[in-house]
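Here's the structure we're looking at; comments come further down.
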Amino acid sequence: IYLWRRARFDEAEKALRRAISLLPLDGFRIRLADLLEASDKPAEALDVCQDLLAETERPRTGPTSLPKLYDRIGTLFHALGRSDEAVAAIQKGIKLLDAKTDEGLLERSFMLSNLAVVYQGVSKDPQALESLLKALADARAGENQPQVTRMLHNLGIVLMGQKDLDRAAA
């Protein structure tokens with residue numbers, strides 16, 4: 001992490017790969033995916049996440065839980081311009097998520113927001129708007145003000161793209 005923060009990405013990648021070879025912890029592997037994505041290597045980050053996903057024999061929590069992995073894979077597909085696969089992966093993550101808790105609502109809110117970004121990127125503004133409205137409802141239900149603020153900002157961008165300036169200003 002020290003090397004990464006110093007923007008010494010190649011050295012950080014080597015160090016992480018070495019650590020993984022000695023102790024293949026999921027946390028190290030998801031950090032490697034983070035580093036690869038930050039190093040503008042989304043295809044390699046996608047490979048790391050898909051490898052983690054292929055290992056479904058044990059329960060996962062945190063950033064390597066199945067819903068979060070599918071969401072992460074979807075955002076990486078989007079970065080690679082593979083929108084249909086991005087939508088499918090994020091939607092699968094949303095379906096697997098337990099949104100009965102405040103934490104689950106917040107996670108679903110983030111995933112719906114990511115889905116909206118994918119839709120907006122391929123000019124599917126109605127779907128983007130629908131996803132953002134659901135994300136906003138989840139963020140409000142989970143009483144997460146920073147996420148509500150983020151959703152309102154993104155919603156304004158989509159509405160401006162639809163030339164609905166009155167609603168965007170509200």
Side-chain angles (χ1 to χ4, degrees), residues 1 4-5 9 12-13 15-121 127-128 130-151 153-155:
I1 293 181
W4 183 357
R5 289 187 178 155
F9 297 123
E13 182 181 343
L16 266 172
R17 288 189 187 278
R18 173 86 172 122
I20 291 166
S21 73
L22 298 171
L23 191 61
L25 296 175
D26 290 350
F28 288 160
R29 294 163 72 193
I30 206 67
R31 283 286 190 189
L32 177 61
D34 292 341
L35 174 66
L36 291 167
E37 185 177 14
S39 302
D40 200 27
K41 298 178 182 177
E44 290 180 50
L46 179 61
D47 289 341
V48 171
C49 289
Q50 287 178 319
D51 287 347
L52 279 167
L53 188 61
E55 299 170 8
T56 57
E57 67 276 357
R58 66 186 185 289
R60 298 183 171 284
T61 59
T64 61
S65 70
L66 287 179
K68 288 182 183 179
L69 273 175
Y70 276 110
D71 181 60
R72 183 65 179 278
I73 287 169
T75 59
L76 290 166
F77 275 137
H78 176 63
L80 293 167
R82 296 163 60 180
S83 301
D84 291 340
E85 292 164 290
V87 167
I90 295 170
Q91 286 176 335
K92 188 162 188 172
I94 291 168
K95 286 179 186 168
L96 291 171
L97 192 64
D98 177 11
K100 295 180 182 126
T101 63
D102 283 351
E103 182 181 328
L105 287 170
L106 180 60
E107 287 304 319
R108 188 171 67 185
S109 176
F110 281 115
M111 290 180 187
L112 285 164
S113 178
N114 289 340
L115 185 59
V117 169
V118 174
Y119 281 138
Q120 189 177 18
Q127 292 93 330
E130 179 183 349
S131 293
L132 281 173
L133 290 173
K134 288 178 183 176
L136 180 59
D138 282 354
R140 284 185 170 148
E143 298 183 15
N144 187 290
Q145 190 55 45
Q147 182 67 350
V148 168
T149 302
R150 178 179 174 215
M151 294 300 101
H153 171 79
N154 292 346
L155 186 58

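Throughout, residue positions are numbered sequentially from 1 according to the sequence presented.
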Exercise. Please name the pair of heavy atoms, one in Ser83 and one in Val118, separated by the smallest distance, quoted to 0.1 Å.
Key: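 Minimum heavy-atom separation between Ser83 and Val118: O-CG1, 3.9 Å.
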Exercise. Of all the heavy-atom pairs spanning Ser113 and Ala135, show the shortest one and how long it is.
Key: N-CB, 4.0 Å
Kindly list each side-chain donor-acceptor pair under 3.5 angstrom involving residues 88-97, sequence neighbours excluded, with atom names and distances?
from  : atom 1 : to     : atom 2 : distance (Å)
Gln91 : NE2    : Tyr119 : OH     : 3.2
Lys92 : NZ     : Tyr70  : OH     : 3.3

Quiz item: Quick one: are Leu112 and Arg108 in side-chain contact, heavy atoms under 4.5 Å?
Solution: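 The answer is yes, as the side chains (C-beta and beyond) meet within the 4.5 Å cut-off.
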Quiz item: Any side-chain heavy atom of Met111 sitting closer than 4.5 Å to one from Pro67?
Solution: yes
If you round to the nearest 0.5 Å, how far is [atom2] of [Y] from [atom1] of [X]?
| X | Y | atom1 | atom2 | answer |
| --- | --- | --- | --- | --- |
| Leu16 | Leu35 | CG | CG | 6.0 Å |
| Lys41 | Asp47 | NZ | CG | 12.5 Å |
| Asp71 | Leu66 | CG | CG | 12.5 Å |
| Ser65 | Glu107 | OG | CD | 7.0 Å |

What residues form a side chain to side chain contact (heavy atoms under 4.5 Å, CB included) with [X], not counting sequence neighbours?
| X | answer |
| --- | --- |
| Val117 | His78 |
| Arg18 | Ser21, Leu22 |
| Glu85 | Phe77, Arg82 |

Quiz item: Step by step, would you call Cys49 with Ile30 a side chain to side chain contact (heavy atoms under 4.5 Å, CB included)?
Solution: CA-CA 7 Å; Cys49 289; Ile30 206 67; 4.2 Å; yes
Quiz item: For Arg29 and Asp26, what are the C-alpha separation, side-chain angles and deciding distance, and is it a salt bridge (charged side-chain N to carboxylate O under 4.0 Å, His left out)?
Solution: CA-CA 5 Å; Arg29 294 163 72 193; Asp26 290 350; 3.7 Å; yes
Self-check item: Glu37: partners by salt bridge (charged side-chain N to carboxylate O under 4.0 Å, His left out), with sequence neighbours left out
Solution: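 Glu37: salt bridge (charged side-chain N to carboxylate O under 4.0 Å, His left out) contacts with Arg72.
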Exercise. Under the side-chain hydrogen bond (donor to acceptor under 3.5 Å, both in side chains) rule, collect the residues that match up with Gln50, sequence neighbours excluded.
Key: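 Expected list: none.
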Quiz item: Do Ser131 side-chain atoms and Gln127 backbone N/O form a donor-acceptor pair below 3.5 Å?
Solution: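 Indeed, once roles are kept as given, a pair shorter than 3.5 Å links the two residues.
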